[in-house]
There are 2 protein chains.
Amino acid sequence: MAEQPENIPPIEFTPFEPLCAVFRSHLRDLGHKYTPERAQILDTLVVMDDLFQVDQLIDAMKESGHRVSKATVYRTIKLLQEAGIIQQVLFDAEHAHYQLAYGRKTRDIIVCVDTNEILSIEIPELRALTERVCEQHGLSPESHRLQIFAKRS
Amino acid sequence: MAEQPENIPPIEFTPFEPLCAVFRSHLRDLGHKYTPERAQILDTLVVMDDLFQVDQLIDAMKESGHRVSKATVYRTIKLLQEAGIIQQVLFDAEHAHYQLAYGRKTRDIIVCVDTNEILSIEIPELRALTERVCEQHGLSPESHRLQIFAKRS
DNA sequence: CTTGGTGCAAACATTTTGCAGCACA
DNA sequence: TGTGCTGCAAAATGTTTGCACCAAG
C-alpha cells in the first residue's frame, strides 16, 4: 500500500482532513456512499461559524456556488450527527442550531446577548460538579450542556 | 362581598393562588383581560407535570373537559411567559417544552435517560463559576441553564 | 450492474395570523 | 359599550418523504 489513489488528498493537518476521513469511514461502515454533495456540505461546514443553522448552511452553499437541495442537506446533517461530526445545540426554540463536534470536549457555550455571538467554553470543574449532583439522586452523568447568557461588562 | 360566588374556590395555600394573582396583575398592567379560557389554562398548568409540551397541555385540557382552542393556548402561553409564570426549556429539538417558572430559582435540570424523568436541581456554586468564566471574556452572566443527561447508577 | 443518492414537489407537524362575532372591564 | 378575546380556518415555517432518474462502489 505504498501508492495512494488520487482521490485521497495529500495529508495536511487541517480540520477538514480528519473530518472527511471520519465521515467517509462512517459512511462506509453503513454501506453508504461518499457523494460530491456530501463532500460539498462538509466543505462548507468547516468554513462556517462555530454555530450555525440549517438555512445558514444552505445559504452559504448557494453563495459558494454549490448546488445541493434542501432535502439532501437535511439528510446529510443527520448522517453527520450520527458520525459525531456535528452536534445539535439548542438555545432557541425557533431553529435547531448545530456546531462542529468532532474533537470538541464540551457543549458549553456563552451566548452574548448584545451581539448574539456564541463562544465555546470549557469549565473543567463542571464534570465533578455534575457528578456530585447526580449522585445525590442516584444517577451518574453521561453528558451535560451549559448555556450562559451574558452581556458585555 | 361576604358571599363568594361558587366559581371562586375557598382560599387555600396552593401554588395556584399566587400564580393566578401574578397573571391577573400582569394582564391588568397590559390592559388585557382575565378570561375563563386563560383561567382554565392556568388551572390545568398547575396540575401538570413539571415539564410539559404544548400538545400535552392541550390534551390535558380536553381530558378535564375544558374546551379551549389551540390558538388560544398558544396565545396564552406567550402571555404566561411574559408574566414569568412559565419558561421554555429546550432539551430536544422536536418540541418546545415549558415548565412553571414562578418562584423557581434555577433552570437547571437532570434528564434521566432511562426514564425520561426531569429533575429540577440547584447548584449554588454555578453562579460563581459562570461569573468567573464570563469575566475571562469581558462578559457578565445574566442567566444560565444547565442540562445534565444521566443514567441510573 | 446494483444499491443507495439526488432533486423536486408534496406531505407533515407545529405555530401564527386574519377575521367575524363574543364577552370582559 | 368599547376594546380585547375567542374559535375557526388559512397561512407560514421548518423538516421529512415518495418517486423517478442518476451515479458511486
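Please read all numbers here as calculations on a predicted model, not as lab measurements. Naming: A, B, ... by sequence-line order, numbering from 1 per chain.
Between B/R38 and D/dC5 there is a side-chain N or O to OP1 or OP2 distance below 4.0 Å. Of the side-chain N and O atoms in A/Y74, one or more sit less than 4.0 angstrom from OP1 or OP2 of D/dT15. Contact between the side-chain N/O atoms of B/K78 and the OP1/OP2 oxygens of C/dT16 is found at a separation under 4.0 Å.
Contact annotation: side chain of A/R75 to base of C/dG4, donor-acceptor pair absent below 3.5 Å.
For the pair B/S120 (side chain) and B/I109 (backbone), a donor-acceptor distance under 3.5 Å is absent. Judged purely by atom type and a 3.5 angstrom limit, B/D114 has no side-chain atom pairing as donor or acceptor with the backbone of B/K151.
In this structure, the NE2 atom of B/H32 is 16 Å from the C1' atom of C/dA23, given to the nearest Å. B/L57 has its CG atom 11 Å from the P atom of C/dT15, to the nearest Å. Atom CG in B/L27 sits about 10 Å away from atom P in D/dT6, given to the nearest Å. Following rounding to the nearest Å, B/Q40 (CD) and D/dT6 (C1') show an atom-to-atom distance of 12 Å. One atom, CD1 of B/I58, and another, P of D/dT6, lie 14 Å apart when rounded to the nearest Å.
For B/L30 and B/T72, each mapped to the nucleotide of DNA chain D holding its nearest heavy atom, the one lying further toward the 5' end belongs to B/L30. Of the two residues contacting DNA chain D, namely B/V68 and B/K33, the nearest-nucleotide position lying further toward the 5' end is that of B/K33.
Nucleic acid contact for B/R67: sugar-phosphate only, since backbone atoms but no base atoms lie under 4.0 Å from a heavy atom of the residue.
With rounding to the nearest 0.5 angstrom, the OG atom of A/S140 is 11.0 Å from the CD1 atom of B/I148.
Annotation: B/E142, atom CD; neighbour count of heavy atoms from other residues, nucleotides and ligands within 6.0 Å is above 12.
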